[in-house]
Engineer: 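Take a look at this one; I'll ask things after.
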Amino acid sequence: MSYQNILVELRNRIGRITVNRPEKLNALNRATLEELDLAFRSLAVDAGVGAVILTGSGDKAFIAGADIKELSRLSPVEGREFALFGQGVLHRIETLGKPVLAAVNGYALGGGCEIALACTLRIASGAAKFGQPEVNLGIIPGYGGTQRLARLVGRGRAQEMILTGETIDAAEAHRIGLANQVVAAEELMSRTEAVAGTILSRGPVAVRYALDAIHRGLNMSLEEGLAYEAALFGLLCATEDMKEGTKAFLDKRKADFHGR
Ligand code: COA
């Protein structure tokens, strides 16, 4: 598969997608979003891929948002379609069944912040900046920002970011729980790969079910979420991974998981 706006690589079972429009600060035009959709679809079904890292090319931006030139021309009907399509791509990322780590190397604004929010974890370089500046353009976040940001950092902080449109730095993003970790720019990729590698060394079915339980559970009552967790826990007790993981602990050796 050849792409114009993104780069897709695979190394050590980790797929890496790099949005590659540095001259436009990796802004998401329609073509780029379509390519991201295709790339995530294909990594989702590739058994050789256990985790995905999403980043931006250049040292300035992760993704500086939806392409403002394109969105400035949208009619109301097109605007709704634009939001629904983007939301669909981000939903795919959030429910990929594999961890997706955002390596946030610079500006993560608007749709860039939203796509990072749809990722499983966000590792930021010290130079990263996060924000939902849509109100400066007379619009609101349309790729799930009003929903995911409030769920992740709480309503008060989400309202502050979305209503002021102000950008926060990596340290503040870390303080409010938006960034999981902040590392030096030159260590961003190695650190993100290390975190992905740690997750890949764990029981693969357990990782997949944990992601599913957390995602679905957030849309359930606590009681329903707990019942769902218990059902998945029971199911995991039937896996080879569970037999191997518990036996390896008792044998005082490293587990050799096969995702079965
Ligand atoms: N959509 C389209 N183009 C964008 C873009 C976006 N979201 N963000 C940046 N670009 C383009 C700029 O238009 C410029 O293109 P040009 O060289 O053809 O004029 C290029 O990327 C470089 O951006 P520039 O603004 O010159 O860089 P800067 O360092 O002065 O400022 C930002 C960086 C991120 C503060 C600024 O680009 C910005 O505010 N971008 C928009 C962010 C935003 O509102 N995102 C939400 C969209 S819903």
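In listed order, ligands and their atoms are each counted from 1.
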Engineer: Distance-only, no hydrogens or angles: does the D241 side chain make a donor-acceptor pair with backbone N or O of F257 under 3.5 Å?
Structural biologist: no
Engineer: Short question: side chain of E70, backbone of R30 - any donor-acceptor pair under 3.5 Å?
Structural biologist: yes
Engineer: With salt bridge (Lys or Arg N to Asp or Glu O under 4.0 Å) as the test, would you mind laying out the steps for R16 and E193 before giving the verdict?
Structural biologist: CA-CA 10 Å; R16 190 196 296 186; E193 283 172 350; 2.9 Å; yes
Engineer: Relative to the heavy atoms of L109, which atoms of ligand 1 are at a distance of less than 4.0 Å?
Structural biologist: 34 (C), 42 (C)
Engineer: My understanding is that we take every heavy atom of each candidate and find the minimum distance to atom 4 (C) of ligand 1. Doing that for K129, K24, K60, which one comes out nearest?
Structural biologist: K24
Engineer: Applying side-chain contact (heavy atoms from CB on, under 4.5 Å), run through V195 and R191 and close with a yes or a no.
Structural biologist: CA-CA 6 Å; V195 175; R191 181 68 202 147; 4.0 Å; yes
Engineer: Quick one: look up the protein heavy atom nearest atom 1 (N) of ligand 1 and list residue, atom name and how far away it is.
Structural biologist: I68 N, 2.9 Å
Engineer: What do you reckon, does E23 put a non-hydrogen atom under 4.0 Å from ligand 1?
Structural biologist: yes
Engineer: Counting N and O atoms only, with roles assigned by atom type, does the side chain of T18 sit under 3.5 Å from a partner on the main chain of N20, one being a donor and the other an acceptor?
Structural biologist: no
Engineer: Output yes when a protein non-hydrogen atom is found under 4.0 Å of atom 7 (N) of ligand 1, and no otherwise.
Structural biologist: yes
Engineer: Answer yes if a protein heavy atom lies under 4.0 Å from atom 12 (C) of ligand 1, otherwise answer no.
Structural biologist: no
Engineer: Pick whichever of G142, A108, P133, P141 has a heavy atom sitting closest to atom 43 (C) of ligand 1.
Structural biologist: P133
Engineer: How far apart are the C-alpha atoms of E244 and R253, what are their side-chain angles, what is the distance that settles it, and do they pass the salt bridge (Lys or Arg N to Asp or Glu O under 4.0 Å) test?
Structural biologist: CA-CA 10 Å; E244 167 61 13; R253 63 174 171 81; 2.7 Å; yes
Engineer: Treating R148 as the side-chain partner and E114 as the backbone partner, does any N or O pair qualify as donor plus acceptor under 3.5 Å?
Structural biologist: no
Engineer: Is any NZ, NE, NH1 or NH2 atom of the basic residue among R175 and E172 found under 4.0 Å from an Asp or Glu carboxylate oxygen of the other?
Structural biologist: yes
Engineer: Do the side chains of L117 and Y143 get nearer than 4.5 Å, heavy atoms only?
Structural biologist: no
Engineer: Mark whether atom 26 (O) of ligand 1 lies under 4.0 angstrom from at least one protein heavy atom.
Structural biologist: no
Engineer: Nearest to atom 5 (C) of ligand 1, what protein heavy atom do you find, and at what distance?
Structural biologist: A27 CB, 3.9 Å
Engineer: Closest non-hydrogen protein atom to atom 23 (O) of ligand 1, residue and atom name please, with distance?
Structural biologist: L25 CD1, 3.6 Å
Engineer: Just to be sure I read this right, does ligand 1 sit under 4.0 Å from the backbone of A64, its side chain, both, or neither, counting only heavy atoms?
Structural biologist: both
Engineer: Heavy-atom distance from atom 38 (C) of ligand 1 to the protein below 4.0 Å?
Structural biologist: no
Engineer: Is atom 30 (O) of ligand 1 in close reach of the protein, with a heavy atom under 4.0 Å away?
Structural biologist: no
Engineer: Which of the numbered atoms in ligand 1 are below 4.0 angstrom from a heavy atom of D67?
Structural biologist: 1 (N), 2 (C)
Engineer: Does N105 reach the main-chain N or O of K60 with its side chain, forming a donor-acceptor pair under 3.5 Å?
Structural biologist: no
Engineer: Check contact between A66 and ligand 1, using heavy atoms of the residue and a distance below 4.0 angstrom.
Structural biologist: yes
